[in-house]
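This report concerns only the one structure given below.
One-based numbering along the sequence shown.
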Amino acid sequence: YSPTLKTIAPFVLEGDDVTLTAYDADDDVLKGLREYYLATEVFYGMMEGATSEQSSRMQAMENATKNAGELIDKLTLIYNRARQARITTELIEIISGASALE
């Protein structure tokens, strides 16, 4: 994700012949429209930030889950090798004891 800088532009673009005041809108209506436009743009920016944060958290949790799975696999392998070595040692002791009795 790469952040972008957004400029909140006025309603009239440069070189535009048509303006909202050309329709004889009241100043109160234009003021309300400007406030609504600003609030909408700020809300959009906040929602985009929240979405980005949630996406980053999901990616971090996915990576943590993957790393934990790999760690469990490695530790299971180490545990099984140690258990097998212990069993082998006990078998050698049993066989040695039986050989000594003969």
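Atom OH of Tyr44 is separated from atom OG1 of Thr40 by 12.5 Å, given to the nearest 0.5 angstrom. Atom OG1 in Thr89 sits 11.0 Å away from atom CD1 in Ile94 (nearest 0.5 Å).
Side chain of Ser99 to backbone of Ile95: a donor-acceptor contact under 3.5 angstrom is found.
Sorted by first and then second residue, the pairs that involve residues 37-47 and meet salt bridge (charged side-chain N to carboxylate O under 4.0 Å, His left out), not counting sequence neighbours, are Lys6-Glu41. Screening residues 65-74 for salt bridge (charged side-chain N to carboxylate O under 4.0 Å, His left out), with sequence neighbours left out, gives no hits. The salt bridge (charged side-chain N to carboxylate O under 4.0 Å, His left out) contacts involving residues 87-97 comprise nothing, where partners must be two or more places apart or lie in separate chains.
The side chain to side chain contact (heavy atoms under 4.5 Å, CB included) search around Ile92 returns Thr88, Ser96, not counting sequence neighbours. Residues forming a side chain to side chain contact (heavy atoms under 4.5 Å, CB included) with Asn80 (at least two apart in sequence, or on another chain): Thr76, Arg83. When the side-chain hydrogen bond (donor to acceptor under 3.5 Å, both in side chains) test is applied to Arg57, the partners found at least two apart in sequence or on another chain are Glu53.
At a threshold of 4.5 Å between side-chain heavy atoms, the hydrophobic network of Ile, Leu, Val, Met, Phe, Trp and Tyr places Tyr79 and Ile87 in two separate groups.
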